[in-house]
Amino acid sequence: MFNRFVRITGALIAIAIVALLLSDPAFASGLPVVKKPGFLGWVEYYMAPIMFTSLVIFLLLGYPVAFALAACGLFFAVVGIEMGLFVPNFLQALPERVYGTMNNDVLLAIPFFTFMGLILERSGMAEDLLDTIGQLFGPIRGGLAYAVIFVGALLAATTGVVAASVISMGLISLPIMLRYGYDRRLASGVIAASGTLAQIIPPSLVLIVMADQLGRSVGDMYEGAFIPGIVLACLYAGYVFLMSVLYPKTCPALPSEARTLGGGVTSLAVVALLTFGLAFWKSNLLVGYVQKGSEGIIAGFAAMIVAYAIAVANKALKLNLLSRLATEVIVVLMPPLGLIFLVLGTIFIGLATPTEGGAMGAAGAMIIALAKRRLNFSLMSQALDSTAKLSAFVVFILVGARVFSLTFYGVNGHRWVEDLLISLPGGQTGFLIVVNVMVFLLAFFLDFFELAFIVVPLLGPPAEKLGIDLIWFGVILAVNMQTSFMHPPFGFALFYLRSVAPKLPYTDKVTGHSMEPVTTGQIYWGAVPFVVIQCIMVGLVIAFPQMVMVYKGQQVTIDPKKVEEQMRNLTIPGGGGFGPPPGFGGGIPGLGGPGGGAPGGIIMPGMPQPKAP
């Protein structure tokens, strides 16, 4: 009942906002339509905003996204044809647009990365990481929260699936955090927020969709989003640090009896320093032998293999070179880090496309599951079934979006959006502020797929016309849309956590103490500080675009002067240029030569014209 009330309220708010927009016809001045008297004239003049408002209302009332998009598109196409606003020939392009969606190679990365994430979720990697990293950070205040953030970032870089991360950490870490006295709001917020890092840290599914909708490279979008994702995780850790200083009782350290792996951080620090030193030395040796910019990635991967081999040998042969804690951390941490290199490293250095990187990641995930002896027919069947459902879900939404956008463009809706947004005061800054506020409010009621397929295609052309880099713009929107998972009352991450958090009083299995349940209100209030942090991160990405623009650092640049110089000196050895061979007389028409006015070859643009004798 409450959910239905909120949806209807949201629909009414949307109607009110659009009614305010429609009250001022200035934004529609760019449309080549003369407003006619009467109700039909009003509908004809405002067809595009009415179409968009109808779609929002359908979505807020709970209709399936794909069918709401397609139904609105076809209905308003018929209305537009009857009113003379929509050319029927536009519908002839519909089959080609649908086939173009199915023929899009970029979207192949979605099932690959989804399958990789589901295999890793069921392989027990999250449990091993949370247990080991929790032991590593346990002795300090907020250690379990730091471990959740660290593992959340690592899972985001390997799985890219929010549900898998939130549910895994909720099942494993939440009972431990409650057992040792963590504040329920802090514990809930950290787990939900860390799980949503999968939407901004590559290989994120939303970044694939964002790149496709903006017409940009997925690899560039991944590279541009990597640093903002890491900075956001650091901001989460900074909030935990502040809580541990100001309110130490909310996040106590892990007691000594719970630290079963003991100490031994010193040997881990020594291995880390040696690994970094080896990577630095190796990267210098690789200069000039590999592609520029890839030396550090390849050298780091080689150094990690060496560290992993030492830890495995120490554990198998009982050499006692490393402490038990250091050995377990390295053995557990290196496989996912290796998988990150296999996926993101090969994409960043240009060795593989995102689709190929996803395929290699899926194969690597199966190898990890096989090494853990978790790969079986049941696991493969569940992963393939879930992958097929999610992929079909995305494709159906995209087909519906194609139908809607075809009609929306046919009634000049794109010009309506461009005129509305480009005419905003403040230029690029004003545009970014208004767009981010709008996306933030829509995220209360729409999830990131709906926003990516409906709103982003409308915002891309005005942003490009204002001179905004679309990769930067896409990363800003991705950080903003991440809040759709954390917004009360419809944040999916909150729902995932609610499904695994204790709803009734229970007895702890380790201590035997009676524990209070986690209420829905505590989950919602715990999410609020992290939503604020995400909004701060949007501002940081806008204020410091260099975080995103690193994707341009390794692109090949062409110097026109050097090209012109090479064209001047372009000759065939022994031929004296492109002129005809000796003895052919007056030359070939159009190529110059003795009779063509350009001795020795073709006249290139920018070359000095020879003087006539």
Side-chain angles (χ1 to χ4, degrees), residues 97 100-114 116 156-158 160 198-230 290-294 296-298 340-362 391 394-395 398 401-402 405 448-449 451-453 455-482 541 545-558:
R97 290 170 69 91
T101 299
M102 296 186 292
N103 200 36
N104 191 342
D105 292 339
V106 174
L107 297 179
L108 273 176
I110 292 178
F112 284 138
F113 285 124
T114 303
M116 179 183 76
T158 50
Q199 289 309 297
I200 187 61
I201 295 179
S204 163
L205 299 184
V206 72
L207 293 177
I208 298 174
V209 175
M210 192 76 68
D212 177 67
Q213 295 299 304
L214 292 174
R216 290 297 182 267
S217 163
V218 177
D220 288 345
M221 190 70 75
Y222 276 178
E223 199 165 352
F226 189 76
I227 292 179
I230 301 301
V290 296
Q291 181 180 341
K292 185 179 179 181
S294 63
I297 297 176
I298 297 174
I340 291 172
F341 168 80
L342 189 65
V343 177
L344 299 182
T346 53
I347 294 174
F348 288 169
I349 65 178
L351 189 61
T353 65
T355 302
E356 294 165 347
M360 290 191 294
S391 302
V394 172
V395 171
L398 190 52
R402 294 293 189 196
S405 64
F448 75 96
F449 269 130
L451 290 170
F453 285 124
V455 179
V456 172
L458 301 178
L459 300 178
E464 191 171 20
K465 189 168 285 189
L466 286 171
I468 296 173
D469 185 273
L470 290 187
I471 296 293
W472 178 46
F473 184 60
V475 173
I476 293 172
L477 291 183
V479 177
N480 196 335
M481 288 161 57
Q482 190 184 10
V541 177
Q546 298 84 358
M547 286 192 290
V548 178
M549 295 304 178
V550 294
Y551 84 92
K552 291 185 174 182
Q554 299 175 15
Q555 291 185 345
V556 178
T557 57
I558 300 175

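Count residues from 1 along the sequence. Note that the structure is predicted; figures quoted are calculated from it, not measured.
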Out of curiosity, [X] [atom1] to [Y] [atom2], how far, rounded to the nearest 0.5 Å?
X: D220; Y: F348; atom1: CG; atom2: CZ; result: 10.0 Å
X: L398; Y: F453; atom1: CG; atom2: CZ; result: 4.5 Å
X: I298; Y: F341; atom1: CD1; atom2: CZ; result: 6.0 Å
X: L459; Y: L451; atom1: CG; atom2: CG; result: 9.5 Å
X: S294; Y: L351; atom1: OG; atom2: CG; result: 9.0 Å
X: M481; Y: I200; atom1: CE; atom2: CD1; result: 10.0 Å

Measuring only between side-chain heavy atoms, which start at C-beta, is [X] closer than 4.5 Å to [Y]?
X: V209; Y: I110; value: yes
X: P202; Y: L207; value: yes
X: I347; Y: T353; value: no
X: M221; Y: L214; value: yes
X: V541; Y: V548; value: yes

Looking only at heavy atoms, which two atoms of [X] and [Y] are closest? And how far apart?
X: S405; Y: R97; answer: OG-NH2, 2.8 Å
X: A157; Y: P203; answer: O-CD, 3.2 Å
X: P228; Y: V475; answer: CG-CG1, 4.0 Å
X: W472; Y: D469; answer: N-OD1, 3.1 Å
X: P457; Y: A452; answer: CD-O, 3.3 Å
X: G345; Y: I297; answer: CA-CG2, 4.0 Å

Applying side chain to side chain contact (heavy atoms under 4.5 Å, CB included), can you list everything that pairs with [X], at least two apart in sequence or on another chain?
X: I227; result: V231, M547, V550
X: L458; result: F52, F408, V417
X: A463; result: F431, I468, L470, F473
X: A352; result: T346, E356, M360

Inset, instruction - Using salt bridge (Lys or Arg N to Asp or Glu O under 4.0 Å) as the criterion, list what pairs up with R216, not counting sequence neighbours. - result: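 Residues passing salt bridge (Lys or Arg N to Asp or Glu O under 4.0 Å) with R216: E464.
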Legend entry - Residues that F448 engages under ring-ring contact (aromatic ring centres under 6.0 Å, His included), provided they are two or more places apart: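 Residues passing ring-ring contact (aromatic ring centres under 6.0 Å, His included) with F448: F485.
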Legend entry - Pairing residues for T355 by the side chain to side chain donor-acceptor pair (under 3.5 Å) criterion, not counting sequence neighbours: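 Counting only residues at least two positions away or on another chain, T355 forms no side chain to side chain donor-acceptor pair (under 3.5 Å).
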Legend entry - Which residues share a side chain to side chain donor-acceptor pair (under 3.5 Å) with Q199, sequence neighbours left out: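 Not a single residue meets the side chain to side chain donor-acceptor pair (under 3.5 Å) criterion with Q199.
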Legend entry - Of all pairs that satisfy side chain to side chain donor-acceptor pair (under 3.5 Å), the ones with a partner from residues 204-213, not counting sequence neighbours: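 Counting only pairs at least two positions apart or across chains, the side chain to side chain donor-acceptor pair (under 3.5 Å) contacts touching residues 204-213 are N104-D212.
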